[in-house]
Every structure is written in C-alpha cells, then in structure tokens.
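These numbers come from the heavy atoms of this one structure, side chains and all, not from hydrogens, waters or symmetry mates.
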Amino acid sequence: MNKYELTSETLQCAGHTLHRIKALKDFGPIKVGELGGWIEKEENLSLFDNAWVFDNAKIFGYARVCDNAALFGNAAVYDNAMVSGYARACDNAIAFGNAAIYSNARVCNNAAVCGKADVFGNSWVCGDAKICGDARVFDNAKIYGRAEVCGDAKISDNTDYIVFKNFWSSGRYFTWTRSNNKWSVGCFYGTGEELIKKAYADSEKSGREYERVVRYVESILADEK
C-alpha cells in the first residue's frame with residue numbers, strides 16, 4: 001500500500017502543476033489522513049520509508065526526496081536535486097540543479113544549494129548562504145549569513161572560509177574559501193590576484209581595498225605555515 005496519494009488540490013509553480021499530498025497510513029511521525037505539502041508526481045517523493053513534505057514545501061521537476069528526509073515551511077526542491085538520508089530543508093531554502101543534500105545536513109532560512117553542490121554530514125547551511133558549482137559542505141561545517149561557496153571549494157569546518165563586507169562602496173558581501181584559495185565577489189570568481197586586477201580596473205579605491213583584504217588573507221596563510 002502506498003503511503004500517500006496526490007489529492008485534487010493543485011498549485012501552479014514555475015509552469016508545473018503540483019498536488020497536495022495526503023497520507024494513506026501511519027508511518028514515522030505521520031498519521032493517516034494527514035495533509036502534506038506539494039509534489040508534481042509520485043517520482044518526486046518516495047512511496048516507502050519515512051520521507052515527507054510538510055507545510056507549503058514543494059518538490060517538482062525531476063527532483064526527489066527519499067529515505068527519512070523532510071521538507072518544511074516554504075522550502076523548494078526542483079530540477080534534478082536530491083534530498084535523502086535524514087536531511088532537512090526548511091524555511092525558504094531551495095535546492096536545484098543537480099544539488100544533493102543528504103546524511104544529517106540541514107539547509108534553512110533563505111539558503112540555496114545549486115549546481116552539482118553537495119551538502120552532507122552534520123553540516124548546516126543557513127541565512128542567505130549559497131552553495132553552488134561543485135562545492136562540497138560536510139562534516140560539522142556551519143555556513144551562515146551571506147557566504148557564497150562556489151567552484152570546487154570544500155568546507156568541513158568554520159576555518160575553511162571567511163566572509164567579508166565591501167564597506168567602501170556597494171556594501172555587498174564576498175567570500176574567500178581556503179581549500180582552493182578562491183574568491184567569490186558578485187559575478188566574479190577567481191584568485192586573489194585576479195580579483196585585485198579586476199578591482200583596480202574598476203577604480204583605484206576599489207583596487208586598493210580589495211588588495212588590502214586579499215593581502216590580509218595571505219598573511220593568515222603565511223602565519224599558518
């Protein structure tokens with residue numbers, strides 16, 4: 001016997017027709033007759049185990065939630081993204097592209113996981129953080145605030161990245177990641193020297209301030225050797 005059914009209550013989302021789900025039996029914390037969130041089709045949510053979609057959370061496209069994973073709040077998982085294990089996505093968090101969230105990972109608030117990024121272990125991604133590209137967040141890492149972890153960066157604890165704020169002009173945040181020694185600044189992603197060169201091309205002040213920050217990080221790395 002399937003654990004849920006798609007009801008006739010529908011919702012349009014990004015060109016997809018989603019159905020609210022209803023439990024057909026007791027399983028895990030779910031009771032028979034309980035209404036859940038929204039999915040496009042049965043392939044989105046495992047018909048077995050204890051995976052569930054709560055509140056107004058959504059799954060569509062070729063995305064899948066399985067095992068004991070759960071979505072809460074207004075979380076959305078779409079494209080080819082996967083949430084599995086005991087992972088949780090909640091609040092306004094989104095996962096899309098070929099992203100994977102698994103093990104005991106948590107993604108919450110306004111965080112986004114996209115591209116081919118993996119979030120797993122006991123890691124948390126919160127706030128307005130963004131994990132993209134081929135980045136991996138694992139072990140007990142906690143990614144908060146406006147951090148943007150991109151490329152092939154690997155984050156396993158809080159010493160693996162630093163978030164800075166551009167206080168001299170735009171006020172935007174930018175991120176350095178230790179594993180690949182790269183910088184993510186708006187649409188820019190590259191090395192410290194590339195960042196300095198680009199910043200000076202924009203303005204003398206911008207170049208000077210970005211260079212100051214890059215040299216600061218270099219001094220940290222030098223002291224660790």
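- Contact detail for Ser103 and Gly121: the closest heavy-atom pair is CB-N, 3.2 Å.
- For the pair Asp160 (side chain) and Arg178 (backbone), a donor-acceptor distance under 3.5 Å is absent.
- The SG atom of Cys13 lies 4.0 Å from the CZ atom of Phe60; values are rounded to the nearest 0.5 Å.
- Listed here is the closest heavy atom pair of Ala89 and Ala75: O-CB, 3.6 Å.
- Rounding to the nearest 0.5 Å gives a distance of 5.5 Å between CG of Asp67 and CG of Asp49.
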Show, in sequence, the C-alpha distance, side-chain angles and deciding distance for Asn98 and Tyr62, and conclude whether the side-chain contact (heavy atoms from CB on, under 4.5 Å) test is met.
CA-CA 10 Å; Asn98 293 302; Tyr62 294 97; over 6 Å; no
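- Counting heavy-atom neighbours within 6.0 Å of Phe167 CZ, excluding the residue itself, gives a total above 12.
- Tyr210 does not carry Lys197 over the face of its six-membered ring by the limits of under 6.0 Å from the centre and within 45° of the normal.
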Does the pair Met82 and Cys66 meet the rule for a side-chain contact (heavy atoms from CB on, under 4.5 Å), with working shown?
CA-CA 8 Å; Met82 168 78 78; Cys66 58; 3.8 Å; yes
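- Under the 3.5 Å distance criterion, the side-chain polar atoms of Lys3 are left unmatched by any main-chain donor or acceptor of Leu47.
- Going from atom CG of Asp128 over to atom CZ of Arg146 covers 5.0 Å, rounded to the nearest 0.5 Å.
- Among the candidates Leu18, Asn44, Ile21, Val83, the single residue satisfying the side chain to side chain contact (heavy atoms under 4.5 Å, CB included) test with Ile59 is Asn44.
- Distance check: Arg88 CZ to Asn104 CG gives 8.5 Å after rounding to the nearest 0.5 Å.
- Judged by distance alone, the side chain of Asp55 and the main-chain N or O of Gly73 form a donor-acceptor pair under 3.5 Å.
- Across all non-hydrogen atoms, the minimal contact from Tyr86 to Arg106 is O-NH1, 3.0 Å.
- Of all heavy-atom pairs spanning Val149 and Ala153, the tightest one is CG1-CB, 3.7 Å.
- By the 4.0 Å N-to-carboxylate-O rule, Glu193 lies close enough to Arg215 to be salt-bridged with it.
- Ring geometry for Tyr4 against Trp52 counts as perpendicular: the plane angle is over 60°, on a 0 to 90° scale with 30° as the lower cut.
- Side-chain contact between Ser84 and Arg64: absent, with no pair of heavy atoms (C-beta onward) separated by less than 4.5 Å.
- Scanning both residues, Phe54 and Ala70, for their nearest heavy atoms gives CE1-CB, 3.9 Å.
- Under the 3.5 Å distance criterion, the side-chain polar atoms of Thr177 are left unmatched by any main-chain donor or acceptor of Ser179.
- Note that OG1 of Thr10 and NE2 of His16 are 14.5 Å apart. Values are rounded to the nearest 0.5 Å.
- Using a 4.0 Å cut-off between a side-chain N of Lys or Arg and a carboxylate O of Asp or Glu, Arg212 and Glu209 qualify as a salt bridge.
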Could you walk me through whether Leu6 and Glu42 pass the side-chain contact (heavy atoms from CB on, under 4.5 Å) test, one step at a time?
CA-CA 8 Å; Leu6 277 64; Glu42 288 184 346; 3.9 Å; yes
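- Salt-bridge annotation for Glu148 and Arg172: absent, with no side-chain N of the basic residue lying under 4.0 Å from a carboxylate O of the acidic one.
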Please lay out, stage by stage, how Val213 and Trp176 fare under the test side-chain contact (heavy atoms from CB on, under 4.5 Å).
CA-CA 10 Å; Val213 177; Trp176 169 77; over 6 Å; no
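- With rounding to the nearest 0.5 Å, the separation of CG in Asn122 from CG in Asn140 is 5.0 Å.
- Distance alone, capped at 3.5 Å, places no donor-acceptor pair between the Asn92 side chain and the Asn110 backbone.
- A donor-acceptor pair shorter than 3.5 Å cannot be found between the side chains of Glu40 and Tyr78.
- Taking the six-membered ring where the residue is Trp, Trp183 and Phe174 present tilted rings, their angle falling between 30° and 60°.
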